Amino acid sequence: MGKLLLRGVLALAMVLVMVPAAMADEFTKEDLAKWERDFMAVVEEGDRLFHSALGSNAVSCDMCHPNATNTHPETYPKVQKQLGKVASLRDMVNWCIKNPLEGEGMELAADDPKMIALEAYMHYERRGVPLAPGKH
Amino acid sequence: MSTKVNRRIFLKQLGVAAAMTAVPLNLVEVAWGKEKGENFTFAYISDPHITHISGNKFVKNFDKGLEKAIAEVNFMWPQPDFVVFGGDLAQLGKKEELDHGMEMMSKLTVPVKYVIGEHDYYLDLGQYWEEKISKLYYSFDHKGVHFVVLNSILTDDDWTHKRWPTAMERMLQMARLDNPNGSPFMVKEKQRQWLKQDLAKVDKNTPVVVMSHSPLYKVYKGWNFWTEDAEEVQALLKPFKKVTVLHGHVHQIMYNQIGNISFHAMMSTGWPWPYPVSYSQAANMVPKMTVFMNRADPFHERDATGWSAINLENGRVVNNLELWQNTPRSVRFDEKAKHPVDSQYQDPANQIPPQVHY
């Protein structure tokens, strides 16, 4: 009887241990595929923006940075010479919009979907490059 | 032109000259082909990409680059025999851009030999260029050297004529460097036949200088630093003892040697392009002998841009790269190494490390 009770308790304990694991938020293949699609849609929007005139003078980001080369998102935050402080990639994007793209007053807010899309595109084009924050 | 205007232009140019760190005054009297050649120099200005915004507004930065190069060339002494313009005068081939660019070019005090770039061509397929500026391909002789200008930015008829709904759409597609819908450049059969006939008249000992917009070899297909039928063009140049190809398009210092042919890329006056090696997602064929240009200050609008003063030494090109905001460089043919070398930086110990992150 005692043995049976012990077995029952053990079985219950096992179920209790197993249940939270079984209930955990598992990523299904469908989830992963959807998130990949969602991410790539934002990358594609970033690609489109990167190749269009964001300022006032018809100049686009890709003219100096084909395939987002020399944007080095993996090095931010870092000291940005022309800003005179440790700055984020977003600060640099806005510097470019303001200066070479002659878009004074046309800079993007940090949470602007356009800014997120530009970041997604630049990071995607630099995938595989080691992260090196603070480096030049 | 009134005296007042002359004086104003002179004072403006004097200001530019005073601001310059390196006026190429040392290009004189380098002997080549002592028996039958004459010493001479020419200048090379390329890729200003004059961009029309609207009405009479143009992108200031690109205008200023071309103006600066022209003022500096006008200050060369002795004056160069001519200037070669390496292509991409316009950004989108618009009449406004070509007219505005030509107005600036008209300030040059010596004749100009024009090479067409893809940005000048793909809106109207070279029609306005041919009417107002220059033939698309031609040759000329100058003081014992045979010069050939090629239109190297042609592509498949299918891409040119069938793929795009409008001429401007075609232009925009070709204008984008990293466009996966782009198409590799070609010299094409008709022009190669012309070149063959043109070269048939030239003695094999005559130095030959070929000027094209795209490199006449294959560097990186992803950005069209590439000429699809390059090997066929090179084969036509093979019988000549001294051959140099000068090209624009890549907006960076780059040089190469393939067989008997030396290749030199020219600076842009508009903006510098990164080297294809900086794109980690694809392989490239940037020549191993090229010492990359250092970028002194990528946030200065004139960084790593400039023009070239060229002289011929023993029938070989000496390419004096006048880099703004950066140390001038000189790339010349080394008779022992049998290829061009950067006179200052070829030794790794002397190299300024290229600034790869910014």
Side-chain angles (χ1 to χ4, degrees), chain A residues 43-44 46-53 55-84 87 89 91-92 94-96 98-104 121-136, chain B residues 47 49-54 57-63 88 91-92 94 96-97 119 172-173 175-182 220 222-225 250-252 268 270-282 284 295-301 303-305 353-358:
Chain A
V43 168
E44 274 164 37
D47 185 336
R48 191 188 68 76
L49 292 165
F50 203 81
H51 295 87
S52 56
S56 70
N57 65 357
V59 175
S60 51
C61 307
D62 66 302
M63 283 168 67
C64 287
H65 304 282
N67 289 114
T69 45
N70 286 356
T71 53
H72 296 284
E74 75 282 358
T75 63
Y76 287 88
K78 67 179 172 188
V79 173
Q80 200 66 65
K81 192 184 163 191
Q82 74 278 44
L83 299 174
L89 179 63
D91 297 326
M92 192 55 212
N94 277 330
W95 184 90
C96 281
K98 190 177 164 187
N99 292 283
L101 274 49
E102 297 181 57
E104 180 86 57
Y121 172 72
M122 283 185 271
H123 280 279
Y124 183 72
E125 286 288 58
R126 295 290 290 177
R127 64 198 182 278
V129 177
L131 191 67
K135 299 287 182 200
H136 277 269
Chain B
D47 292 83
H49 291 260
I50 299 304
T51 304
H52 183 233
I53 303 169
S54 64
K57 275 167 68 186
F58 293 85
V59 173
K60 280 180 274 181
N61 185 17
F62 304 157
D63 277 14
D88 288 352
Q91 170 65 13
L92 295 176
K94 291 155 84 174
E96 291 93 332
E97 293 170 344
H119 287 261
L172 287 165
Q173 291 286 343
R176 178 181 155 182
L177 189 71
D178 57 4
N179 189 357
N181 301 321
Y220 180 53
W223 297 348
N224 260 358
F225 290 6
V250 298
H251 300 204
Q252 58 197 226
S268 160
W271 72 87
W273 263 329
Y275 285 88
V277 293
S278 60
Y279 187 47
S280 50
Q281 307 300 333
N284 68 82
R295 298 193 65 180
D297 179 2
F299 306 120
H300 191 283
E301 62 188 5
D303 172 69
T305 56
Q355 198 169 359
V356 289
H357 292 274
Y358 39 81

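Chain A is the first sequence line, chain B the second, and so forth, proteins listed ahead of strands; every chain is numbered from 1. Nothing here was measured: the structure is a model prediction, and the numbers come from that model. In what follows, every heavy atom counts, from backbone to side chain, and hydrogens, waters and symmetry copies are set aside.
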Using the side-chain contact (heavy atoms from CB on, under 4.5 Å) rule, take A/His136 and A/Lys81 through it: C-alpha gap first, then chi angles, then the decisive distance, then the call. CA-CA 10 Å; A/His136 277 269; A/Lys81 192 184 163 191; over 6 Å; no
Is there a salt bridge (Lys or Arg N to Asp or Glu O under 4.0 Å) between A/Glu102 and B/Lys60 once you walk through the steps? CA-CA 9 Å; A/Glu102 297 181 57; B/Lys60 280 180 274 181; 3.6 Å; yes
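The greatest number of non-hydrogen atom pairs below 4.5 Å with chain B, out of A/His51, A/Gln82, A/Glu125, is found for A/His51.
Looking at B/Glu301, neither its backbone nor its side chain comes within 4.5 Å of chain A, counting heavy atoms on both sides. Heavy-atom distances place the side chain of B/Thr51, and not its backbone, under 4.5 Å from chain A. Residue B/Tyr275: no heavy atom, backbone or side chain, is found under 4.5 Å from chain A. Only the side chain of A/Met92 comes within less than 4.5 Å of a heavy atom of chain B; its backbone N, CA, C and O stay farther away. In this structure, the portion of A/Ser56 lying under 4.5 Å from any heavy atom of chain B is its backbone and not its side chain.
At a threshold of 4.0 Å, the pair A/Asp47-B/Arg176 counts as salt-bridged, since one of the basic side-chain nitrogens sits closer than that to a carboxylate oxygen.
Using a distance-only test at 3.5 Å, with no hydrogens or angles considered, a donor-acceptor pair links the side chain of B/Trp271 to the main chain of A/Met63.
The six-membered or imidazole ring of B/His251 lies near that of B/His49, with a centre-to-centre distance under 6.0 Å.
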